[in-house]
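Here is how names work: the chains are called A, B, and so on, in the same order as the sequence lines, proteins then strands, and each is numbered from 1.
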Amino acid sequence: MIAGTMTPTHVSSARMARTLLHFRLRAVHHRLRVLDLPALLRLIVVAGLVGFVLVTWAFGRMDGPLAHAAGAREAIRMEAYRLGAFLAAATGFLTFGTLWRNRDIEVLNLFPVPPKALFRYRLLEMSARNLPLLTVGLLAGGSLAWRGHPVLALETCCYLAVLYVTTIAWSIYWHAFAGNSVGTPSFEWLKIHLAGAMVLKDRTLLLYSPFLGAVSGFAWGLVAYIGLTAVSRGDLTTGLALLLAVVPPVLWACREAEALLEKGYYQALAALAEGEQSGELGESAPRPGFLGEWYAVRMPPAVRPFVVKDLRQAWRRNRLDYVVLLTSAGVLLILAAGRGREMLEAGWAWPATWVVLALAAGQAFGMTRPGSDAPWQWLSLPAPMSRHYAGRLLSTGFFVALVAPWLALALCWAGEPWERAFLGVLAIGLSACVTAANIAVALFGNPLSGRVLFASSLLGAYAFSGGRPILGAALLAALAVVTLALLARLPARLALLEQERRGGRPG
Amino acid sequence: MSLEFRQVSKSYGSHPAVRELSLVVGRGDFVGLIGPNGAGKTTTLRMAAGHLAPTEGTVLLFGKSVMDHPLEARRRIGYVPEYIALYDYLTGAEYLEFAGELKGLDQPERTRDIVTLLDILELGEERGRLIRTYSQGMRRKVALAGALLGRPPVLLLDEALNGLDPTTLHRLKAFLKDLAGQGAAILISSHVLEVLERLCNRIAVMNAGRLVEIMDAEELERIRAAEGGLEQRFVTLVAPGAGPVTEQAATVSDGKGGDS
């Protein structure tokens, strides 16, 4: 130690975790003080209205034909089970961001924070930040209780809460394991690259860890679910045994995750930072051609290089979103296919409900993140229009369009032949509509509006296929009008870009 | 030796960013790192801070590998990265309290240091404002203060003096010199040659990932007298075909002549 310098004392992990939490709460306090209340209220009102309508429709359906039919309880349990699948998938994905993609990693990486303290802090953060996901569960439980099914309501809430805990515990374990596998030759045999994406082989396990977190959390949640149903049927011994059986794996996952982080958290961060760095440096390196690059040839010269670049990068940037999207869609469709058309229709409501509520609540809870801007500013800020931005949006739209045929194919799996054809065509048409709407709104609107519109289009799909053709058609027509109106302005915007290019002004 | 790069290389895929770097920064050493864009300066500093692992070779901090002892390294290193990351929704004073607590400083020392640094960096009046309202220069000052808290024995400053106003720069240079005088090892990168040649007792020149020259205090003085400054020498050194420095030249003695 140099002369005249202070000697840092070694701080316990518990005290360090308290420090992290204390200053995080300070940041939240400051955020609350600088709230833009009118914008926040506007957001809450809009999200609340849309959410209310969606929940009413979803439970209205169960309250009608399902709740009074034979096996209604089983059907409602099935809905909770389906909701749980989405909850697990979303939690698995979001916890990954909290551990390895957090905005404050760069801040904390400068200081001697023991991984043990960081683990405790991140575990708390994951639990708090993903709480909005549970609002759907609370709404579901509340709605069931209100309709006179208190036991089912309690069962649903308990099941979702247990699922939440198991998914968080197993997610953090898999994320820690995947992070530690980067730069470690001992896990080489596990790094099997199935996606064919532009991801370094060394980081392959990171690609799968959200999925693994969701699946393992969901599996243990399922054990708890079976236990809960056994208890509600009066089989206390089996039920309690199954419920308690969930506890050891959760504790094990937490303990192992803590040990993994303690062993190699900082090394993993260094390895991850290297991946980011090599990605940046690799921009100019030759890359293999990418499906859809022909599309870029049709773009104006000002935009063309950005579209090509973003098409090549789109999968890399969005890979986790697509893995989660496809996993969720797969789980939904498999469950739906096994329950007949009635459940298939109701199934559309859940993702729509989830998207709107999670986003709305997520925006509100976003204020707890000290490193990011106030989320409600998005409502008033126009999206920046630049050549680079245009390329990014078009490439994202292209990927959404790529997913559509698979969804249609999966839908064709269930139902009568004419229904298969109808649902297939509907899915392709809706996906195209959603893609165009997203591109248009993101080009000329702002991000939040784009997402709400996406959810609205899903709502339209639900209404259309669920026996409410007039409302569904009206929603889709409104969506089409907005989309076409916005897309009509595209040539003018592209011409402006071209003009800027010729005039040498920055885009 | 406080900080030692031992045959360190770093590649990003097939792109070599740093090649066979050997450099010692001892107690009291104030070493400037200069080079054209893409020369490998930031990668070098990030490896020293333990934020990147070398592909080959080792970075040693007081004889221990930085990558093998990441927590110990962060206890002893104050690092200001090129791109500043801060908590936007804390005030400047709160952020420094936070940094001090994470560094394990006791309350009296923490308070004393924060007051001193806020004064040197002229942030006293702005200490109660949220960081999100700060200008880029003020953000840099807060990051500098966070790194200097507790007066760490090794300081890594990546373009950290850029964008500071002249008064603050003047005070900060005096503080850094004083710190080096007390035995701190400082490695600083910058494109502002005039600042480095007045501040540092050694200047290391990097080009295309290689260390191409190390100039000690005497040589710096000679160059100043003969050529008026480092600029012409720098241009010559980074010209195509310039060779790397020998290992012997890179490991010249510490500024204070001893290890800690």
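- Most heavy-atom pairs under 4.5 Å with chain A, from the set B:Gly38, B:Ala147, B:Ala143, B:Ala85: that is B:Ala85.
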(request) For the pair B:Leu187 and B:Val154, evaluate side chain to side chain contact (heavy atoms under 4.5 Å, CB included) and give the outcome as yes or no after the intermediate values. (result) CA-CA 8 Å; B:Leu187 183 60; B:Val154 175; over 6 Å; no
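- Between A:His30 and B:Tyr89, the distance separating the two ring centers is not shorter than 6.0 angstrom.
- Residues B:Pro54 and B:Val59 form a side-chain contact, since some pair of their non-hydrogen atoms from C-beta on lies under 4.5 Å apart.
- Ranked by heavy-atom pairs under 4.5 Å with chain B, the list A:His29, A:Arg26, A:Glu106 is led by A:Arg26.
- Highest contact tally toward chain B, considering only A:Leu269, A:Asn109, A:Thr19, is held by A:Asn109 [criterion: heavy-atom pairs under 4.5 Å].
- Ring planes of B:Phe98 and A:Phe111: perpendicular class, angle over 60° (limits at 30 and 60°).
- For B:Leu130, the part sitting under 4.5 Å from any heavy atom of chain A is the side chain, from C-beta outward, and nothing else.
- Proximity of a side-chain donor or acceptor of B:Lys141 to a complementary backbone N or O of B:Leu118 within less than 3.5 Å is not detected.
- Using a 4.5 Å cut-off between heavy atoms, A:Leu108 touches chain B through its side chain atoms alone.
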